[in-house]
Amino acid sequence: MDLHNLIEIKAIVINPKAKLVENILELEKLEQVPTRNGYGEGLVEVGKKNPNVVVLCADLTESTRSEAFRKEFPERFVEMGVAEQNMASVASGMNAMGKIPYISSYAMFSPGRNWEQLRTTVCYNERHVIVGGAHAGVSVGPDGATHQAIEDIAITRVIANMTVVVPCDQHEARKATIVVADLEGPVYLRFAREKTPVFTTFDTPFEVGKAEILFETKGKPDVAIIACGPLVHNAILAAAELEKNGIKVRVINNHTVKPMDEKTIVQAAYDAGAFVTVEEHQINGGMGSAVAEVITRNFPVPIEFIGVQNRFGESGSPNELIKHFGMAPEHIVKAAKKAIRRK
Amino acid sequence: MTHLHDDKIKELEEKAAQIRKDTIESVINAKSGHIAGPLDMADIFTLMYFHVLKHDPKNPDWPERDRLVLSNGHICPVQYATLAHAGYFPVSELKTLRQLGTRLQGHPHRTALPGLETTSGPLGSGLSQSVGMAIAARMDGLHSYIFCLMSDGEHQAGQTWEAVMLAGREKLWNLVAIMDRNNIQIDGMTEDILPLEPIREKYEAFNWHVIEANGHDFGEMHSAIEQAKVIHEKPTMIIAHTIAGQGVEFMERKFPWHSKAFKPEEAKQALHELRTLGGKIKSEHE
Ligand SMILES: Cc1ncc(C[n+]2csc(CCOP(=O)(O)OP(=O)(O)O)c2C)c(N)n1
Ligand SMILES: [Mg+2]
């Protein structure tokens, strides 16, 4: 992309209230950090703030970034071994005694393997337990499909009362990890393994249940791109590209899949009249499906869904896989044009 | 070690007889529900709520109480009857078991009814929760015991062994598990379906203290619990040998009575047997 052109676009379209980084459209200039690092930083901070916070981990302490908490608060850390089902219910029992447990593993195993334990002993039992699922999405990369959770949003959001948050970068992951300690009930936080662009800042607003407009064209948008997780950055790159083609776009960071910010989503449907949803997840049952559930009841508009299309992941490098599964900026651009045509 | 006096034992036996009768009546009234397990655990529930547990029915959230976690939630009719007799809610409410709007859900739901420590039904997760409670209690220096009542059948679930392993590592002296060793499950006898034996040795290998007792002998069960409480470097498993369906002869030791709808004749017969056992109990189903 032509740099001069980009800066001009940025001046017009990046929402200043979102307090995003300066060079948001210049991928090479952005710092790259995995969202799971934000989880690790958040755990230590929330541990300092709240003595009831405990962390449980199922033999993945380093890679879920729970290590820093273990070092800081060894007496509040419980190593579970490879036993994710036990971990979910032990956390339920600890919350019964007033602790606020964060349970760390890969999303494939928690909430994957321990789904029923989460449903019965945590969610239905009304326990405040926070599930930190790392290594979600195909961008897990070389480990392949067995370790790439692409169903986790669907299986958590379907459980009554569960809050589901998908942070877009390290900062948002840190903030989400800290604030959910003050919520009630069960929470799922979804993190990625791979380094991804850090494009929000310390000052970017974050509130569970409040979607943020990051990119907004002057005038009425032709399409709204609703994204969550690190792919929000791809959505912004796609929006810049569309903008160059004279297509007006609103990009929404829909980090809280549940409870969804219905007001912001329905307003976008009303304003734009066409949607593209973007997530590193099966399109069946994911964030896009949740958006569809909201707008079909309120203000139906055509939607194109970017995500994994009823397949399993596979080995490869993260960037290759994002392209291979059709979630790169060019795919989003194409989907946006199609959504507009379908108006 | 304190022993139970004969008077106390007699009192508990009478209470248990009443609880058995109310348990069966509630299941008959509900037209569905589990039977064998609730009957064979009536003595242990009575002992727990009328002698062992530090608890206060008028203040169910008292932080210093002992916790009784029912892992095999399907036997809840006996827990409901016991909680009612202990004063957590009116005995008359037992009639609402399994009906729309009831606090007495088909499987126990913690937030629906005072006195329940957890929601259960799916087997194999109660011990994990108890382990979590015991670890948290120890972190806070809280001197409460965590009692986990479990079935034998749920020892076929992998999660049970995850919890057993963790409790052993953590040396949870404040955790006492009690297994209803009635030898039955839905499809048959445990040793035919998926054998548990040698179960005592399994627990010992996981670094638990193990006691075996007659689950229908108040004195024996009481001594076992007293012993468990003074074991300070290990969690304790009390294998309570029970007779499935205890108290109603035609059900005893018969796995089809795990859960089964009563025919009117069977209901009459069961209540008659339970009535004559206690002597002075009246039944509205007569
Ligand atoms: C995880 C799970 N699988 C299956 C069931 C269905 N179920 C209810 S009770 C039971 C087993 C019965 O064996 P046991 O627990 O020993 O009960 P008992 O008949 O002795 O009361 C089963 C398989 C369940 N409740 N939970
Ligand atoms: Mg049994």
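Since we're looking at a predicted model, the values are computed, not measured. In what follows, every chain begins at residue 1, and chains take the letters A, B, ... in the order their sequences are listed.
- Enclosure of atom NZ in Lys229(B) by more than 12 non-hydrogen atoms of other residues, nucleotides or ligands within 6.0 angstrom is indicated.
- Taking OG1 of Thr118(B) as the start and CZ of Arg127(A) as the end, the distance is 6.5 Å to the nearest 0.5 Å.
- Heavy-atom distances place the backbone of Glu84(A), and not its side chain, under 4.5 Å from chain B.
- The environment of Lys54(B) atom NZ is dense: over 12 non-hydrogen atoms of other residues, nucleotides or ligands sit within 6.0 angstrom.
- Listed options Ala83(A), Ala88(A), Ser89(A) were ranked by heavy-atom pairs under 4.5 angstrom with chain B; first place goes to Ser89(A).
- Per-residue heavy-atom pair counts under 4.5 Å with chain B were compared for Ala91(A), Gly93(A), Gly98(A), and the maximum is reached by Gly93(A).
- Within a 6.0 Å sphere centred on CG of Asn50(A), heavy atoms belonging to other residues, nucleotides or ligands number more than 12.
- Listed by chain and residue number, His34(B), His74(B), Arg98(B) satisfy the side chain to side chain contact (heavy atoms under 4.5 Å, CB included) test with His107(B) (two or more places apart in sequence, or in another chain).
- Note that the OG1 atom of Thr119(B) and the CZ atom of Arg119(A) stand 10.5 Å from one another [nearest 0.5 Å].
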Per-pair distances, 0.1 Å, donor-acceptor, side chain in residues 130-138 of chain B, under 3.5 Å, sequence neighbours excluded:
{"residue": "Ser130(B)", "atom": "OG", "partner": "Gly126(B)", "partner atom": "O", "Å": "2.8"}
{"residue": "Arg138(B)", "atom": "NH1", "partner": "Glu170(B)", "partner atom": "O", "Å": "2.6"}
{"residue": "Arg138(B)", "atom": "NH2", "partner": "Glu170(B)", "partner atom": "OE1", "Å": "2.5"}

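- Heavy-atom neighbours of Arg113(A) CZ from other residues, nucleotides or ligands within 6.0 Å: at or below the threshold of 12.
- Of the two parts of Leu142(B), only the side chain, counted from C-beta on, holds a non-hydrogen atom closer than 4.5 Å to a non-hydrogen atom of chain A.
- In the displayed structure, Glu184(A) atom CD is contacted under 6.0 Å by at most 12 heavy atoms of other residues, nucleotides or ligands.
- Counting heavy-atom pairs closer than 4.5 Å to chain B, the top residue among Met80(A), Met94(A), Gln117(A) is Met94(A).
- Enclosure of atom NZ in Lys210(A) by more than 12 non-hydrogen atoms of other residues, nucleotides or ligands within 6.0 angstrom is indicated.
- Taking non-hydrogen atoms and a 4.5 Å limit, the residue list of residues 53-77 of chain A in contact with chain B, ordered by number, reads Val54(A), Glu75(A), Arg76(A).
- Here the CG-CE distance, from Asn86(A) to Met165(B), works out to 9.5 Å after rounding to the nearest 0.5 Å.
- At a threshold of 4.5 Å between non-hydrogen side-chain atoms, the residues Met97(A) and Asp140(B) do not count as touching.
- Between atom OG1 of residue Thr121(A) and atom CZ of residue Arg110(B) there is a gap of 11.0 Å, rounded to the nearest 0.5 Å.
- Both the backbone and the side chain of Gln85(A) come within less than 4.5 Å of a heavy atom in chain B.
- Annotation: residues 154-162 of chain B contacts chain A through Gln159(B), Glu162(B) [non-hydrogen atoms, separation under 4.5 Å].
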